[in-house]
Amino acid sequence: MKKLAMAFLAGALFGLGLSIGGMTRPTVVLGFLDVAGHWQPQLAFLMAAAVPTAALTYRLAWRRQRPWCEATFRQPAARRIDAQLLAGAALFGIGWGIAGYCPGPALAALVVGGPALWVWLATMLAGWWLTDRLLGR
């Protein structure tokens with residue numbers, strides 16, 4: 001129950017931060033990505049606040065012997081940058097640039113986003129499923 005409550009709290013804080021920062025509005029995100037056109041820099045301030053906050057939080061968390069809700073800290077096993085990672089990152093960025101959503105803000109905006117967001121979510125899940133089948137995971 002503690003783990004579920006902490007997951008809910010973390011998700012609610014994350015969604016609230018994304019919503020307040022404007023990440024749940026595709027027009028704001030696309031305006032930020034349009035550096036050669038009508039650039040909207042407000043998300044730069046969001047990142048400028050989020051990166052040091054996350055770095056400080058991680059530093060404090062790593063001082064603990066173990067996480068609050070798990071027996072051990074789990075880290076990614078992969079350590080190298082390969083073509084598969086670069087291709088995935090490029091496709092992620094292209095999708096983000098087309099729709100104005102990445103997964104976190106999209107989930108935070110599901111309640112108010114309308115039918116187009118649900119279509120976006122369905123196609124993202126289909127892409128995950130298809131990739132898993134193609135890569136044999």
Side-chain angles (χ1 to χ4, degrees):
M1 188 65 181
K2 177 183 173 186
K3 188 175 178 179
L4 191 60
M6 292 302 284
F8 178 80
L9 178 63
L13 284 173
F14 186 66
L16 187 63
L18 292 172
S19 182
I20 290 172
M23 292 285 295
T24 57
R25 289 177 288 163
T27 55
V28 173
V29 175
L30 293 174
F32 177 73
L33 296 174
D34 188 13
V35 291
H38 299 290
W39 187 53
Q40 298 175 13
Q42 62 264 36
L43 289 186
F45 296 107
L46 179 69
M47 285 189 273
V51 170
T53 303
L56 176 65
T57 306
Y58 267 93
R59 188 156 181 89
L60 292 173
W62 284 112
R63 288 184 177 179
R64 298 180 53 85
Q65 293 293 321
R66 64 181 195 85
W68 284 341
C69 300
E70 292 288 338
T72 61
F73 286 104
R74 288 184 272 177
Q75 297 181 349
R79 297 280 182 205
R80 60 188 185 106
I81 298 171
D82 58 11
Q84 186 176 338
L85 176 66
L86 293 174
L91 289 172
F92 180 89
I94 291 168
W96 193 10
I98 290 172
Y101 282 118
C102 69
L107 292 175
L110 273 178
V111 179
V112 295
L117 189 55
W118 287 94
V119 171
W120 177 90
L121 178 65
T123 55
M124 181 183 74
L125 294 173
W128 281 349
W129 179 82
L130 182 62
T131 302
D132 282 350
R133 296 301 174 271
L134 291 174
L135 297 177
R137 296 184 196 162

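All heavy atoms count here, side chains included; hydrogens, waters and symmetry mates do not.
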[X] [atom1] to [Y] [atom2] distance, which is reported to the nearest 0.5 Å:
| X | Y | atom1 | atom2 | value |
| --- | --- | --- | --- | --- |
| Y101 | T24 | OH | OG1 | 6.5 Å |
| M124 | W129 | CE | CH2 | 16.0 Å |
| L117 | L110 | CG | CG | 5.0 Å |
| R25 | L43 | CZ | CG | 9.0 Å |
| W128 | T123 | CH2 | OG1 | 11.0 Å |
| L30 | I98 | CG | CD1 | 10.0 Å |

* Determine yes or no for a side-chain-to-main-chain donor-acceptor pair under 3.5 angstrom, with W39 supplying the side chain and D34 the backbone. => no
Path from [X] to [Y] over hydrophobic side-chain contacts below 4.5 Å:
| X | Y | value |
| --- | --- | --- |
| L33 | V35 | yes |
| V119 | L125 | no |
| M47 | F92 | yes |
| W120 | W96 | no |

* **Closest approach of K2 to W68 (non-hydrogen atoms, all atoms of both residues)** => NZ-O, 3.4 Å
* Mind listing the closest non-hydrogen atom pair of A108 and G15 along with its distance? => CB-CA, 3.9 Å
* Heavy-atom side-chain proximity of M23 to V28 below 4.5 angstrom -> no
* **Working for side chain to side chain contact (heavy atoms under 4.5 Å, CB included), residues L107 and L121** => CA-CA 8 Å; L107 292 175; L121 178 65; 4.1 Å; yes
